Amino acid sequence: MDSLFNSVCATGGFCDTLGIWLAALLTIFVFSYLIHDTILFRIASCLLIGTAIGFVSAVAIRNVLFPLAARLLEDIFALPGSWLVLVADVIPLLLGISLLMKLAPNFRGATFSNLGLAYLFGIGAALAIGGALSGALVPQLRATMLSLAPQDQDLGWINNLLIVVGTLGAFLAFRFIQPGNRPWQRAYDLITKGWGTIGRGFIMIAFGAILASLIAARVSALVGQLYFLFHDWLGIIR
Amino acid sequence: MIYCPHCGTPNKPNSKFCKNCAALLSPSTDVRCPICGMMNPQGAATCENCGTRLSTSAAGALNATDNSTPADAPEQIAPFNPPPLAPENTESEPHDAPTSARPTFGRASSEWLRRIQKTPPPETTPSTEPREPIAESAPDSTAAPAVTSTDESLTQTSAAPTPSEDNTDWLRALDAEQGTTKESSLPAQSIESVPAASTLSEIKLTRDDYDYSDIGGEVTDEMKTQLEASASNLTTTEDEVELARRLLGLSAAAEIVNASQNVSPETASPTTDASAPTITPTDAITPTATQATQFETVSLPASESVAHVETPDSLPIVEQPTTTPTLSEIKLTRDDYDYSDIGGEVTDEMKTQLEASASNLTTTEDEVELARRLLGLDIAAQAASTLPQAPPAEIPAPLASDARIETPTETATPIAVEKIADTSVQVAPPAARETIADAQSENQEESADWLAAVAAASTAVVAGAALDSHKAQHDAESAAETPTEAVAAQEIVSQPSKAEIVQPIAETSLSETVSEQAPALPKEAEAEGSTGGARPDTGELPEWVHEIPPPEAGEESTTPEWVKGIAVGAAIGSAAYLSELPELDESEREDLPDWLREPVAEATPDATVPAEPTEEPSPTETPELVPALELPSWFANATVGAQATRDPFETIETTGPLAGVSGILPLAVAIAEPHTLTTPTPARSDGGRIFQTILAEPLATAASTRTPTASTSFFKPQHLLYLILFLAALIPLFLPLDQAGLGLDASKSPTALFYDQLQAVPADSTVLLAFDYTPGQAVELDPAARAIVNELVSRQANVIAISSNPNGATIAQTILGRAHEAAPQFTFVNVGYIPGNEAGLRDLAKGWLPANRPTADGTAWSASPLATQVRGMDDLALSVVLVGDENTLRMWMEQVEPNITTPIIAATSAFVEPQARNYVNAKQLQGSLRGLTGAAELELLTNTAGQAVKTVDSLSLVSLTLAGIIIAANVLWLMRRGKK
């Protein structure tokens with residue numbers, strides 16, 4: 001049986017051919033959206049959503065729940081010496097069960113589900129804040145602390161200057177402060193506004209770059225899928 | 001509270017319909033006090049609040065006892081037009097008195113009446129020049145047996161309808177006004193005891209309120225100033241009135257009217273029907289007690305005006321209501337189309353019809369008839385015309401006066417007449433009558449010949465009638481048993497000067513009869529006078545009576561029986577005399593107006609006055625009586641034309657106080673009265689049938705109304721764009737591989753750093769590959785993943801594959817499996833999905849994989865060949881992150897990178913590349929690979945050109961195409977904006 005399965009689903013076998021045909025048809029279904037919102041596109045979309053959810057659920061059960069259940073059983077069988085481990089493994093299980101209680105909002109025990117949510121929000125916020133500080137803010141601030149007279153690069157100072165000016169200008173672009181009446185305050189306001197305007201230009205350039213990158217990503221997907229159709233499916237392109 | 005005229009049910013003041021019988025209710029007729037504004041009940045003489053005498057009635061102007069000049073009278077009284085009576089009405093069937101109740105006089109409240117009042121007769125003397133004189137010496141043209149009353153209050157009572165629930169609003173108002181005078185005058189029951197009541201205008205004048213609205217004038221400030229300036233010179237109310245009238249410019253009219261009144265007794269022409277030059281409403285009250293007897297304004301030539309007849313004492317004088325104004329006819333003859341005086345409004349269409357029919361019009365009467373028909377005013381004319389025309393010749397001469405008695409009973413308010421019968425009758429002083437007679441004689445001299453003839457004839461008729469009635473009175477007195485009312489009526493007849501009979505002027509039959517009998521009447525009058533027709537109170541007859549030739553001996557016997565009966569007892573106008581009318585056949589009855597067609601049987605016995613003439617008047621043949629009297633052509637044509645015309649659309653009032661009267665604003669009735677749905681008329685049925693036929697017809701083929709819509713236009717502009725992009729992406733794919741990716745320079749790209757990190761991986765070391773992208777991003781990242789794995793395979797490095805995405809494990813398994821197939825020595829462990837997102841990655845970075853962590857093939861991590869080499873991330877040679885979205889890259893940078901010491905490089909989607917470049921600049925990432933382009937560069941760097949290099953040209957061409965489209969679109973937009 002296994003040999004038959006391996007022969008059928010081996011590389012270049014029937015499964016690959018079937019997979020290519022299914023992928024090609026679903027690709028055409030999706031391309032039909034360029035003409036109109038056809039039923040083919042809807043079929044492809046539904047298939048994608050269904051298979052993705054099913055696959056994710058299967059993965060979560062196989063890679064999350066089953067290992068946890070196996071570990072609990074091991075802990076139980078290892079009792080009484082493994083009670084601490086058992087308690088440590090039961091707590092995640094209870095929090096997970098508490099989240100399921102959200103499915104029954106009229107149930108009085110639904111408030112118990114808040115414990116699981118609180119745990120998630122607390123852990124998520126803590127990780128996000130800690131990770132942002134340590135992984136984004138500090139490294140990025142440090143990255144902008146550049147020398148305008150780099151020793152190793154002749155024109156590196158220009159790059160560093162642009163990075164500094166662009167970064168500070170992007171920050172000043174989000175400045176909303178009423179200027180004072182004193183001359184220096186007006187001068188400060190004039191400078192910051194001007195710098196903020198420059199920073200807004202950098203932001204616009206960044207947005208343009210992101211948009212172009214997005215388009216490039218989607219065009220890459222198009223080209224890759226066309227290559228699939230004409231190379232893997234039709235074999236026109238060699 | 002409004003009482004229902006039908007059932008008497010009290011209704012709320014604002015009710016329009018009776019809550020009991022749903023009859024149409026008249027609005028409240030309460031009288032508002034002019035001083036305090038308090039509403040007083042109808043008929044109240046004085047205000048209940050302040051005691052102010054309430055507005056007097058128009059009839060108040062009829063006070064004969066006051067000293068007002070005759071010129072004042074016309075403005076005080078406004079006539080009401082009863083339906084004109086055709087000559088044939090003299091023999092019409094009598095009808096019930098209550099149903100025939102109609103007002104003969106009313107307050108001059110309507111505008112047209114005011115105009116009539118103010119309008120001087122256009123032709124006073126020989127105004128009838130274009131017309132032939134009727135008679136040379138006709139007596140009173142009114143020829144109306146008038147019940148003469150010296151008390152104007154009594155006159156009002158007789159003239160105005162009795163307050164009745166059946167009366168309309170204006171009738172009630174009129175009654176209220178008249179009732180005021182009545183109350184004050186009735187108790188006296190005598191001339192001496194009744195004080196001279198002032199007219200309304202006079203009363204107001206004495207109060208200096210300058211309200212002359214009742215006489216039609218508008219007082220300006222200038223007038224007030226003059227009035228005040230002249231106040232010292234005014235001694236009496238009459239003087240003030242005279243001054244006010246002069247200021248208002250009404251004196252001329254009054255004088256003319258006065259002149260006409262003076263002329264009238266002897267010289268006034270006979271009244272005609274509506275189609276003929278009619279006589280305007282005239283209060284033909286015989287001046288009896290004083291000369292202040294109020295006359296109504298006459299708006300017609302003096303020759304046509306109603307005259308006051310100096311009747312013999314035994315002759316009851318009928319107060320004449322008037323017909324439609326004759327001014328309209330006069331104007332018509334001038335072709336000015338001004339019919340405003342008769343209430344019509346001439347439209348252009350009417351003018352067109354008039355002009356179109358001009359050729360067919362031979363006489364003025366025809367024109368008048370046509371105009372009236374167009375104006376919808378021929379109802380009155382029809383009323384007159386529909387009456388059976390009795391040939392004047394058939395009317396006996398002695399009957400002339402009696403006929404006048406008969407006629408007013410039909411037109412005047414019977415109720416009022418009954419009241420007169422019930423109340424005592426005032427006796428007119430002979431002196432007053434003489435004075436009036438003298439004035440009339442004087443006026444007669446100034447009038448035209450035909451007017452004189454008419455006046456003479458009228459006088460003769462009156463004299464004859466007086467004698468005849470006087471004779472009948474004696475017979476009645478001799479009756480042993482006489483009903484009370486009959487006695488009263490006889491009393492009235494016996495004292496003709498006391499009674500006052502209202503006669504409709506429009507009775508052409510009467511006038512015609514009078515005019516035709518004029519030559520013969522004097523004799524008759526003398527004969528009658530010799531037989532007891534003299535004035536009973538004085539035993540004397542006025543001079544003009546003596547001048548009337550005595551009638552023929554045989555003429556008396558020719559008077560019909562029913563005429564004599566009327567002359568004796570029914571002169572008051574009750575229904576009794578109507579019952580004495582000769583029987584009419586059905587056709588004749590149909591021609592009669594509705595209010596004359598009432599059944600005789602409804603007349604109550606009490607109301608009837610037994611007409612028992614003591615002497616049978618022999619019927620007199622009119623042709624014999626009036627052989628020399630020639631009727632003018634207009635008169636004859638008018639009568640004939642009026643008889644011939646009958647409005648087929650004439651409406652008949654069947655309910656309300658005007659029941660039985662025709663031509664009463666049918667539209668208003670239709671709107672105001674609730675009515676039930678009538679059955680569909682044949683015309684309606686036909687309409688419904690036609691409609692159903694149309695519905696039953698087969699539907700015609702409807703024209704195609706489909707408009708070009710978006711569905712028909714399958715090919716859209718965006719489809720062209722799709723096609724261009726498709727070709728741009730497809731064409732480069734057919735380029736040979738050796739010519740693909742020629743523009744790439746991997747050495748100077750960021751990919752070089754990435755490649756350097758791969759090159760730094762030592763052999764037999766372990767590299768962590770994180771497949772954190774989805775199948776949707778696999779098209780872009782798979783080439784990079786394959787290039788990286790191939791490089792690692794070439795470097796003999798081991799790979800541990802993980803994924804924070806559930807789908808990543810499958811993708812990793814596919815790519816690593818193929819690499820393992822290509823290089824069986826290649827060792828890799830697909831750990832699979834790492835749950836927990838940030839926490840999972842952080843746990844991975846901190847604690848690494850648990851020993852019992854199952855891998856993709858189901859075995860535990862501890863069982864994998866690489867588990868012994870790698871106990872944490874720091875044991876890895878390199879971490880390569882394949883991410884398709886920004887969040888995953890940030891998680892790696894925030895949760896993993898700070899916690900490990902091994903270098904991290906990222907192969908990202910093109911979309912995430914700008915973010916990855918920041919991490920590269922911050923040294924968080926040691927290198928980055930930018931999507932498909934980076935994969936191609938990596939292939940070029942590793943000399944493994946494949947799919948990425950093959951497709952990168954397509955990516956470049958598509959990118960250029962998009963850039964060109966964007967530029968072209970902006971240029972077009974700028975050009976279009978520049979044109980605007």
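Order of the sequence lines fixes the chain letters, A, B, ..., with proteins taken first and strands second; residue numbering starts at 1 for each chain. Quick caveat, the model's predicted, so the values are computed rather than measured. Only heavy atoms go into these numbers, but all of them, side chains included; no hydrogens, no water, no symmetry mates.
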field: Nearest heavy-atom neighbours spanning A:G135 and B:P898
entry: CA-CG, 3.9 Å

For the student: nearest non-hydrogen atoms of B:L932 and A:S220, plus distance: CB-OG, 3.7 Å

task: Using atom types as modelled and distance alone, determine if a side-chain donor or acceptor of A:R62 lies under 3.5 Å from a backbone N or O of B:A856.
output: yes

query: Is the backbone of B:A910 close enough, under 3.5 Å, to the side chain of A:S213 for a donor and an acceptor to pair up by distance?
result: yes

Spatial distance of atom [atom1] ([X]) from atom [atom2] ([Y]) [nearest 0.5 Å]:
{"X": "B:Q915", "Y": "A:I210", "atom1": "CD", "atom2": "CD1", "result": "7.5 Å"}
{"X": "A:L222", "Y": "B:Y722", "atom1": "CG", "atom2": "OH", "result": "12.0 Å"}
{"X": "A:L137", "Y": "B:E894", "atom1": "CG", "atom2": "CD", "result": "10.0 Å"}
{"X": "B:E780", "Y": "A:R218", "atom1": "CD", "atom2": "CZ", "result": "7.5 Å"}
{"X": "B:K716", "Y": "A:H36", "atom1": "NZ", "atom2": "NE2", "result": "7.0 Å"}

Is [X] close to chain B through its backbone or its side chain, or both, or neither, when contacts mean heavy atoms under 4.5 Å?
{"X": "A:I35", "answer": "both"}
{"X": "A:P67", "answer": "side chain"}
{"X": "A:V64", "answer": "side chain"}
{"X": "A:A128", "answer": "backbone"}
{"X": "A:L226", "answer": "both"}
{"X": "A:Y227", "answer": "both"}

- prompt: Looking at B:L730, B:N899, B:T933, B:V958, which has the largest count of heavy-atom pairs under 4.5 Å with chain A?
  reply: B:L730

- prompt: B:N807, B:N921, B:N805, B:L781: which one forms the most heavy-atom pairs within less than 4.5 Å of chain A?
  reply: B:N807

Identify which part of [X] has an atom lying under 4.5 Å from any heavy atom of chain A, answering side chain, backbone, both or neither.
{"X": "B:R930", "result": "side chain"}
{"X": "B:L962", "result": "side chain"}
{"X": "B:S803", "result": "neither"}
{"X": "B:N852", "result": "side chain"}
{"X": "B:S909", "result": "side chain"}

I'd like to verify something: which residue of [options] has the highest number of heavy-atom pairs under 4.5 Å with chain B?
{"options": "A:A126, A:A143, A:G131, A:A209", "result": "A:G131"}
{"options": "A:L211, A:V59, A:L120", "result": "A:V59"}
{"options": "A:V138, A:L48, A:L141, A:V56", "result": "A:V56"}

- request: Count the heavy atoms of every other residue, nucleotide or ligand shown that sit under 6.0 Å from CZ of A:F202, and state whether that count exceeds 12.
  value: yes

message: With a sphere of 6.0 Å drawn around CZ of A:R71, does it hold more than 12 non-hydrogen atoms of other residues, nucleotides or ligands?
response: yes

Verdict with reasoning, B:V779 to A:V223, per side-chain contact (heavy atoms from CB on, under 4.5 Å): CA-CA 9 Å; B:V779 179; A:V223 173; over 6 Å; no

- request: Give me the ring orientation class for B:F734 and A:F230: parallel if the planes are under 30° apart, tilted from 30 to 60°, perpendicular past 60°.
  value: perpendicular

- prompt: After noting the C-alpha distance and the side-chain angles of A:Q140 and B:Q924, does the key distance pass the side-chain contact (heavy atoms from CB on, under 4.5 Å) rule?
  reply: CA-CA 9 Å; A:Q140 292 298 322; B:Q924 291 177 286; 3.4 Å; yes

query: Going through the distances and angles, do B:R842 and A:L127 end up as a side-chain contact (heavy atoms from CB on, under 4.5 Å)?
result: CA-CA 8 Å; B:R842 186 178 183 86; A:L127 291 175; 3.1 Å; yes

message: I want to check something: taking the side chain as every heavy atom from C-beta on, are A:F55 and B:T810 in contact at a cut-off of under 4.5 Å?
response: yes

